[in-house]
Amino acid sequence: MAGIRLDNVTKRFGSVTALDRISVEIEDGEFFAVLGHPGAGKTTMLRTIVGLETPDEGDVYAAGERITDVYPGDRDIAIMFQNLALYPDKSVYNNLAFPLKQAKVPKQQIEQRVAEVARVLRIEPLLKRKPAKLSGGERQRVALGRAMVRDPRALLLDEPLSALDALLRLEMRAELKRLQRELGRTVVYVTHDQVEAMSMADRIAVLREGVLQQVDQPENIYHRPANRFVATVVGSPPMNFLHAEGAWSGGTLELRHPLFTVTTAEAASESLRGRLAEGQECLVGVRPEDVHVTSAPGIPATVYVTEPLGGETVVDLDLGGRLVKALVDPTLKLQENEAVQLALDGQRLHVFDAEGVGLLSAAGEPLFTVSAS
Amino acid sequence: MSDRLGWLRGIGKALIVTVVGVVFLFPLYWIVTMAFKPQEEWQPIDGVHWVPDDWTLENFKKIFGRATDTGFFEAAPTDATNAIVNSIVAATGGTILAMLVGTLTAYGIARYKAGGGFLPFQILQLRMFPPVAIVIPLLIMYAYLELVDTYWGLILIYGAVTFPFVVWLMRSFFQEVPREIAEAAIVDGCSQWGALFKAVLPQVRGGLAATALFVFILNWSDFLLALVLTSEQVETAPVFLNGLQSAGAGQEYGPQAALGLVLIIPPAILGLAIQRYLVRGLTFGAVKR
Amino acid sequence: MAEIRIQSLTKEFAGGVVAVKDLELEVPHGSFVALLGPSGCGKTTTMNMISGLERPTAGEIYFDGRPITRVAPGKRNVGFVFQNYAIFTHMTVYGNLAFGLKVRKDGRSKAERDAEVRRVAEIVGLSGSLERKAGVLSVNDMQKVALGRSMIVQPAIFLLDEPFSNLDAAFRAYMRTELKRIQHEMGQTMVYVTHDQVEAMSMADRIAVMNLGELQQYGSPDDVYNRPRNRFVAGFVGSTRMNFLPASLAPALAPEGRADKLTLGVRPEAIEIVAPGDARSTLDARVTLVEPLGAKDVVHLEVGGHDARVVGAPGRRPHVGDSVGLSFDPSRVHLFNDETDLAV
């Protein structure tokens, strides 16, 4: 276990529980994203790993050793703060050299290392400048460099791209990912932007109000969400949820909605037997890209509003009194209040119980068939 | 219509500025002219001499013990050099003491919320006490401790009395520095002390300079405490200045003014020396807001 | 419900900074216009001039034909919604909404005002929270209150300055839909400032793209997306940025002989990845990165020394280092001449 492990970590601030019994294992060399809304506890989690916060309960381990009481500077873990916290009175060179000077690295080695980091991050021409004279993107890279310069066993990044404008963010995303691949170091990346998490991480941990919801690869988070919250957190526009009732006919589970019925395949129905009773309410989840407007007869709906995004159009539809979003081809021109027919992709359906706990996700398997009522 | 009002507004502003300017600059002007006036012109019978008729350096020579002209009524020769040296020692010592203890206290309060929420106010309360109320008990205490008329005696009391100012001012400067800067230094391998000295203090250089100057001037101009707590050994300049009177000549305005002028110099030098630290904007660029 | 006409509007700040240069714009009755551009492009300054918070250095603004350039902001009958919701935290939601009506003293009865408050609460989705103190609401609800407060006085023109930028993504998406629907129902003229092209594209009837104080293009979302007038607009609009490559890489696509002075622009979703030798392939490329985003995959490539991106349905995902061919429809290619024109 060369990675970082949190074992039942709990952290409270007054009456607020910021982290609630968090247990997670981060592999060595992994790009690990922590995704959640502002205030979910993501920053607290990072600060606990690096040692700026001490857990009230539980322990932090690195490479098998217990580091819960180890002074931050001795953990060999670097952090890049959301507000960067560059040393404003020091030049870029000295900002980068600072951690090495603290570690009493010989001067020549410092020069070499700083030059190398500066080269990789393309900030060589900026070495003599002070932070005040740098652009946002440049400061970002200097902060990253300072974290990287000691070649720590883990790099913690707290929303490093959130303050950059859209174009720069895209560039930096690809660069960060490439960098991590090259360096092969563990990166723990905190963000509230699901696109960032999805595109960069090897695994994502979804955090909600201090409680871990699911830790899994992006694929699984997207196609097999453990609960409604996780299902909503990734994917834009977010997943649609429709209320239905469970009904057992023979060995098959049917999910009945006023306008359509979902029939579950036999084996899948079996797996749900103890979990959804006759007449019990449940939620059918379907992502907008899996809701199709068809010319063939299907589920009736009315167009509420259309949002053309250029490459695709988001259509908000009134389905039996509830709003449902669909992603359609931009060439399809729909009018408000127009009546249309919908088809739901049974291979991409999800079922949740009334509390939002995930029961089954098709994830590409033909587990469900949808027919209009 | 608004144009005419604008004109009046301009006149009004100019008037106020002039009045305020006169009120503030008049004492300075008076001291400057008085310092160069010979004894006859200090309180002339024919009214105020706005400008000396007879510019002279006598007063300056007098306060440095080299008067040649003994004047109409004889006055004892006096030398202010000792007093000036004492003032420098006491004021500097007191300032250093207050800055050291006060800055560390301020950091503890700002960063670690030391002493809970009330400590800052409790400290400020110390200053609410008019020194004149405690000066006699202080004298008794000093007598007991054998601190009367000693350098340390003055340094300690000057430090104590200006300590609250340092805490109050430095605390607000420290609050301007985001805590992540100290944290970054800690993660980079500094101890808590190292983080303070290498990462945080450089950010508040301007604050330190301004506070030090402010405190120095307070100590430098103190009269009451020095009057009570010193006699001959450590007499400071303000006390000495007060003593520039004689039965014969009465208040020696000339030498007093001259000494006053001389006493402006050390604070002025200090101010000029630290001027480049009084620069804002040291934290720009370090932190995103 | 008013028409806004902006004529030769210019704003210069002390120090020679020209925030807005010679802007000409017409916002028809009841339309939703977005002012879109990166920070510093002049969109907020333009908005401030429309609202009256800034005085233009030159030019005129007309509401319904009346010049209002020198009319005080309070008298222009515009409603504002800002980024930092200015609501009364100590009042209830009801109180906040009713405030504007009470202040107006326009002779309505208490019952009429009550009905109006409830109507607006319904529209913004706060019917259930009318009695709650505004200060304890969630950030999202607070912004709804702000929206409701400006709506209730029924201004002729609505000005919104990035009102949802502080809110979480899910709520932003929700408010986009709602705002568009509200605007269609109530028919007010809306001017919306944003740097997020998704917001502009999804809500506006017409988008005014600005950069460095100048208007780049003014048209419908479809116009701006499929017929960008210049390279800036082409690169700014679109969730995954358009690819720009020197036309010399594919001279067949450029008009006779001009390939080396033109830049080729093609949207990531308009490119298909095919096998390297495929007949349809126009260019060869090498895969440098693959980003799986769930609903789609973004593949980063290197083409003749330049970076490019292709967006496609998830599925057959190439590997990093693979050599592939890129195929695209020539009719979906844009050509740019060092920033000015395009010829397709």
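All figures in this text were calculated on a predicted structure; none of them were measured in a lab. In what follows, chains are A, B, ... by sequence order, proteins preceding strands, each numbered from 1.
Residue A:V314: no heavy atom, backbone or side chain, is found under 4.5 Å from chain C. Contact annotation for A:P218: neither backbone nor side-chain heavy atoms come within less than 4.5 Å of a heavy atom of chain C. Contact of C:P292 with chain A is made through backbone and side chain together, with heavy-atom distances under 4.5 Å. With a 4.5 angstrom heavy-atom cutoff, C:L289 touches chain A only via side-chain atoms. No part of A:L327 comes within reach of chain C, as not one of its non-hydrogen atoms sits under 4.5 angstrom from that chain. Looking at A:L309, the atoms closer than 4.5 Å to chain C (heavy atoms on both sides) sit in the backbone and in the side chain alike.
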Which N or O donor-acceptor pairs, by atom type, sit under 3.5 Å across chain C and chain A?
residue, atom, partner, partner atom, Å
C:T177, OG1, A:E307, OE2, 3.2
C:T177, OG1, A:K325, NZ, 2.8
C:K180, NZ, A:T306, O, 2.6
C:R181, NH1, A:Y304, O, 2.6
C:H184, ND1, A:E336, OE1, 3.2
C:H184, ND1, A:E336, OE2, 2.4
C:S202, OG, A:E307, OE1, 3.4
C:Y225, OH, A:G311, N, 3.1
C:E291, OE1, A:R173, NH2, 3.2
C:E291, OE2, A:R173, NE, 3.4
C:E291, OE2, A:R173, NH2, 3.4
C:E291, OE2, A:S199, OG, 3.3
C:A295, N, A:Y222, OH, 3.3
C:R317, NH1, A:E219, OE2, 3.4
C:R317, NH2, A:E219, OE2, 3.1

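For A:A205, the side-chain contact (heavy atoms from CB on, under 4.5 Å) partners at least two apart in sequence or on another chain are A:F32, A:L212, A:V215. Judged as a ring pair (Phe, Tyr, Trp, His ring centres under 6.0 Å), and not counting sequence neighbours, C:F328 has no contacts. Every residue meeting the ring pair (Phe, Tyr, Trp, His ring centres under 6.0 Å) condition with A:F352, not counting sequence neighbours, appears here in chain and number order: A:F241.
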